[in-house]
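Data first, discussion second: the structure below is written as structure tokens.
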Number of protein chains: 2
Amino acid sequence: MTTRARRPQRRNQVLSREQIVDTAVEMLDAGGEGALTVRALTERLSTGSGAIYYHVGTRDDLLDTATETVIGAALAARPAGEAATPGDEIRVAALALFDAIAAHRWLATRLTLQIVRNPVGPVTVGIFERIGGQLGALGVPRASWFDAASTLVHYILGAVSQNARIEGDTSGIDPEGDREELFDAASAAWRGLDPEAYPFVHAVAGQMREHDDREQFLTGIAVILEGLTRLR
Amino acid sequence: MTTRARRPQRRNQVLSREQIVDTAVEMLDAGGEGALTVRALTERLSTGSGAIYYHVGTRDDLLDTATETVIGAALAARPAGEAATPGDEIRVAALALFDAIAAHRWLATRLTLQIVRNPVGPVTVGIFERIGGQLGALGVPRASWFDAASTLVHYILGAVSQNARIEGDTSGIDPEGDREELFDAASAAWRGLDPEAYPFVHAVAGQMREHDDREQFLTGIAVILEGLTRLR
DNA sequence: CACCATTTTGGAGCGCCGCACCAAAGAGTG
DNA sequence: CACTCTTTGGTGCGGCGCTCCAAAATGGTG
């Protein structure tokens, strides 16, 4: 018998799991998912691959952990005022996710991946709880809670994924500049399409250039909340 | 001067672009995105990598082409009856996308990827045109067309992505069997969560097991359409 | 203090991968 | 028949994730 059965866990760790994850997030932010290679990580931390695998497991595990970390931080956001309506709560949570993915564009892919294959993990549960918890106060009947929450989550993740930008090809970071540029180009291309074959796309080419992502995102939330209140 | 300026394109092609894409789709369906390697493709077609790159370019190009092919086919679906309401049109298009991704699960990731980085491509334009073209008849004011279409597209792609299953780990194909099983497990896990910390998730654990994906998807569409009609 | 079980580290090596590149075969043309 | 351009199969390079292991660091114990 050892004197005290369980304790020997923590030794002095020069390299910590947290440190690795933080560095990984930095690298992901800087260069997209393709930039996070185990080799690059070991070089950055001046260590070997063994240490990485010892602390966080495979590259996939590392990406999951990074996702959990970032999403967990984002979901901690609460409305500013004291008397917040359920709508406010949902808007704040949704915007927190929106902004998190805008700041960490690699999240888009990873988030849907994780929600799909790990419904029990803190990410899925956290998002559902945060969004769904407001439905009762919103007047949605209990029997529709899961459908309603799913609708919101699907919309939020869909919108947020599609507003995320391309990963891996932008070596320089020019977040606003080429975003405008890209919209201009897309708008011009849409306008240039055959109005007979593509009347709608042709017609909204102008709106697409002038729209604001965040505002549009909130409009969508408002539409869904409106629809949900008619569900009763 | 040649006798006729443009014509000499088609030589005898033992290997056609179409053939490659079709085979690629088969392989993707069978084993997920990870299963489509250039090496495996060359082996399956008993050719070399040079021929592949000559016909379709890089692996990424091939995935884009495969996506365009499948989505193009899906978008060709029209409502059965003759007198279709705008709502019917949207539902049919949405369900076509839903079913396409259910049949080709690798599409989920690829679709959002393509929409994000190629707003001019046939996939993005096709989806927007198909969905957005109904908004006028639905009574949505012209100034809100782009926002409304975006809301629908965001929701559809979000829902559809999250209903797609995991890629690459299932060697055997057991589409219904382990789906049930997975829901059961997830439901049990949700029910097992602390009701104080996660009241909502705990409460809807039962609904999550019994829900039907397609039905829930249509409920979401109905909610959004309802909300859109209040937008005027 | 010295000893040693255990944790933690760094790195070499394996089996993959995508893809650039190229020499040669094939098909139409004069 | 020769000649040109298309099409093909294959080889090799650089890089990847990951396994495995010898060695170093660590901290409790006699």
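Treat the numbers as computed from the prediction; the structure is a model and nothing was measured. A note on names: the letters A, B, ... follow the listed sequences, proteins ahead of strands, and every chain is numbered from 1. Scope of the values below: all heavy atoms of this structure, side chains included, with no hydrogens, waters or symmetry mates.
- The nearest whole Å value for the distance from the CD atom in B:Glu33 to the P atom in C:dC17 is 14 Å.
- The six-membered or imidazole ring of A:Trp190 lies near that of B:Phe128, with a centre-to-centre distance under 6.0 Å.
- A donor-acceptor contact under 3.5 angstrom links the side chains of B:Gln216 and A:Ser150, judged on distance only.
- A salt bridge does not link B:Arg105 to B:Asp29: none of the charged side-chain nitrogens sits closer than 4.0 Å to a carboxylate oxygen.
- Residue-to-nucleotide contacts include no donor-acceptor pair under 3.5 Å from the side chain of A:Arg39 to the base of D:dG15.
- The distance between atom CD of A:Glu43 and atom C1' of D:dC16, rounded to the nearest whole Å, is 14 Å.
- Ion pairing between B:Arg110 and B:Asp60 holds under the 4.0 Å rule for side-chain N and carboxylate O.
- The residue B:Ser46 sits close only to the backbone: its heavy atoms come under 4.0 Å of sugar-phosphate atoms, none of a base.
- Contact check, B:His55 against D:dT6: no side-chain N or O comes under 4.0 Å of OP1 or OP2.
- The CG atom of B:Leu45 sits 13 Å away from the C1' atom of D:dT8 (whole-angstrom rounding).
- The distance from atom CG of A:Asp60 to atom P of D:dC18 is 7 Å, rounded to the nearest whole Å.
- A straight line from CZ of B:Arg59 to P of C:dC19 spans 8 Å, rounded to a whole angstrom.
- One atom, OH of A:Tyr54, and another, P of D:dT19, lie 16 Å apart when rounded to the nearest Å.
- Within the structure, every side-chain polar atom (N or O) of A:Ser49 is placed at least 4.0 Å from both OP1 and OP2 of D:dC18.
- Atom-to-atom, CD1 of B:Ile20 to C1' of D:dT7 comes out at 11 Å; the value is rounded to the nearest Å.
- Per the geometry, OH belonging to A:Tyr53 stands 17 Å off P belonging to C:dC14, to the nearest Å.
- Aromatic ring centres of A:Phe183 and A:His211 lie closer together than 6.0 Å.
- Nearest-nucleotide positions on DNA chain D for A:Gly50 and A:Ala40 put A:Ala40 closer to the 5' end.
- Residue-level contact check: A:Ile52 touches neither bases nor backbone, having no heavy atom under 4.0 Å from any strand.
- Nucleic acid contact class of A:Leu36 (heavy atoms, under 4.0 Å, all strands): sugar-phosphate only.
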